[in-house]
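Below: one structure, written as structure tokens.
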Amino acid sequence: MKNKKSIIVFVIFGIFGLCQFLQFSHVFLYFDDFGYASLSYVNLTDHVGLATSFEDIFTFLVNHYFQWGGRVVCFFFLVILLQNVWLARLAVACMALGTVYALYLVLKDRYSNHTYLCLGIPMIVWGLISVQIMADSVYWFTAALIYLFPLPFLITGIRLYHDFITSREAAAKKYIWMNICLAIAAFSQEQISIMTLSGIACLTIMERAKGNPLRKTQIGTGAIAFLGLLFVVLAPGNFVRMSQSVSTDTMRDNLVSLTQFVGTFNVYKIFVIFMLAAIIVDLRFLKSMPKKGWKKTIIAVHLVISICAAVVMIYERDGLLVCLEKIIPWNMVCLAAMWGYLVYTAGCLICFYFCRKDSLMFSVWLMAMVSLGLFIVTGSISNRVLFPFIILITILIADNVIAGIAEQVLGEYRWILACALIGISILSLRNWGDIYQGYAANAIMQEENDRILNSFRRSETVENIYLRKNA
């Protein structure tokens, strides 16, 4: 029976991986990809044409680190992959598959009797991510190496670190692999690096409070993450680039921008399933509480608000902020209400996992909040910075949906949860299908443009190149 289940899991992941490869077969080089493929990005070197040797790549990355930014680990792999577009497509498809597989392993450790839900829910959430976010973070090779590539290493590293500090004996091979994963995540880019360090720190503190001893090897793991943070954040190129750009946005402006990103159509489908998970958290919380008390009232109020908000969003097919603006005519009141609900929800999740002493889920939620919170300070808010947040909350969504089924929080009404999952699955497939069809339609013109550009590869002088526009 176990062997049969393993084969089914392998087949499902194989189908998912094939679907990702088909999707990426319609992805071409865009924007910064050309600059990194030819080592000509922001004129960091005098190199012309595709990278020809590791010496060229090394020279480019050194100049990049000192003149532009510290994300050189990601860009090292990017430059190599971009020398052949099919190699890049295959590699990024494998990264997508690896990310979902890493999510599956986290959930499988917690719910070994719910294998199909552990692999199905991450795939459903992946399919729900809007084209605006995917195009800006995954279906663009440069962004994929920055925002997708480190995630399977971060998720795997945090899972192994949790296992390491909660078990009395730890295998040397697992410890080495854990440190490799966390090092890649920490040395990748600023957002992931800060998330890595915060996750390690949170797990260490919570498990130490529970009585688990602090090992000397944990200090070494923390030091790796801290060095990675220093490497990417204190890169001289960051300060050079910052001196060349002037931003007048205040923290208030950044807060408004972040709320608008989270509360609009781009993430409404993710928001709906996240609210489903929040509703289940409330039900689980209420089930474990005494019959009366102010704490139970707070959770019950949040439950009612979440249900009402979810119903309105499903009916309007839009983000919560947009729905509020249709009801309340004052924009700032809508923003305050939206942010108030987010803080309310964050507080409920923090209390739930803290009360249960669930250090892993508490740390995942902390990392997710850190991934967004730091951009209120830095002001670098775009669709792609939401991607790591979405991937991490996928763990929380799946954890609570599976727990809701396992603990039967709805009792005889558990069919409601099953129907909700089926409906969301259909929505996920439809969303992914629409994205695939759009990229497939544009691929015809992209291929023609690619042929036009290739015809000029050996030309020494080029006056004009005419390309076709996407549909």
So among D109, L107, L103, which one has a side-chain contact (heavy atoms from CB on, under 4.5 Å) with R159?
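Running side-chain contact (heavy atoms from CB on, under 4.5 Å) over D109, L107, L103 with R159 returns exactly one hit, D109.
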So, do [X] and [Y] sit near enough that their side-chain heavy atoms are less than 4.5 Å apart?
X	Y	result
L360	D358	yes
L145	L81	yes
F153	T196	no
C94	L90	yes
T217	T221	no
V73	S188	no

Using modelled atom types only, decide if a donor and an acceptor are shared between the side chain of [X] and the backbone of [Y] within a distance under 3.5 Å.
X	Y	value
S193	E190	no
D32	T142	no
Q218	R215	yes
Q191	S371	yes
Y344	I298	yes
N400	I280	no
Y439	Q437	no
K108	C118	no
Q189	R71	no
R89	V27	yes

Parallel, tilted or perpendicular: rings of [Y] and [X] (30°, 60°):
X	Y	result
F13	Y104	perpendicular
Y436	W432	parallel
W140	F31	perpendicular
W126	F16	perpendicular

Less than 6.0 Å separating the ring centroids of [X] and [Y]?
X	Y	value
F362	F352	no
Y139	H26	no
Y353	W365	no

Output, in order, the C-alpha distance, side-chain angles, deciding distance and verdict of side-chain contact (heavy atoms from CB on, under 4.5 Å) for I424 and I124.
CA-CA 8 Å; I424 292 169; I124 291 170; 3.7 Å; yes
If you measure only the distance, is there a donor-acceptor pair under 3.5 Å linking the side chains of Y147 and D136?
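Looking only at side-chain atoms, D136 and Y147 do not form any donor-acceptor pair under 3.5 Å.
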Regarding Y161 and T204, is there a side-chain donor-to-acceptor distance under 3.5 Å anywhere?
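Yes, T204 and Y161 have a side-chain donor paired with an acceptor closer than 3.5 Å.
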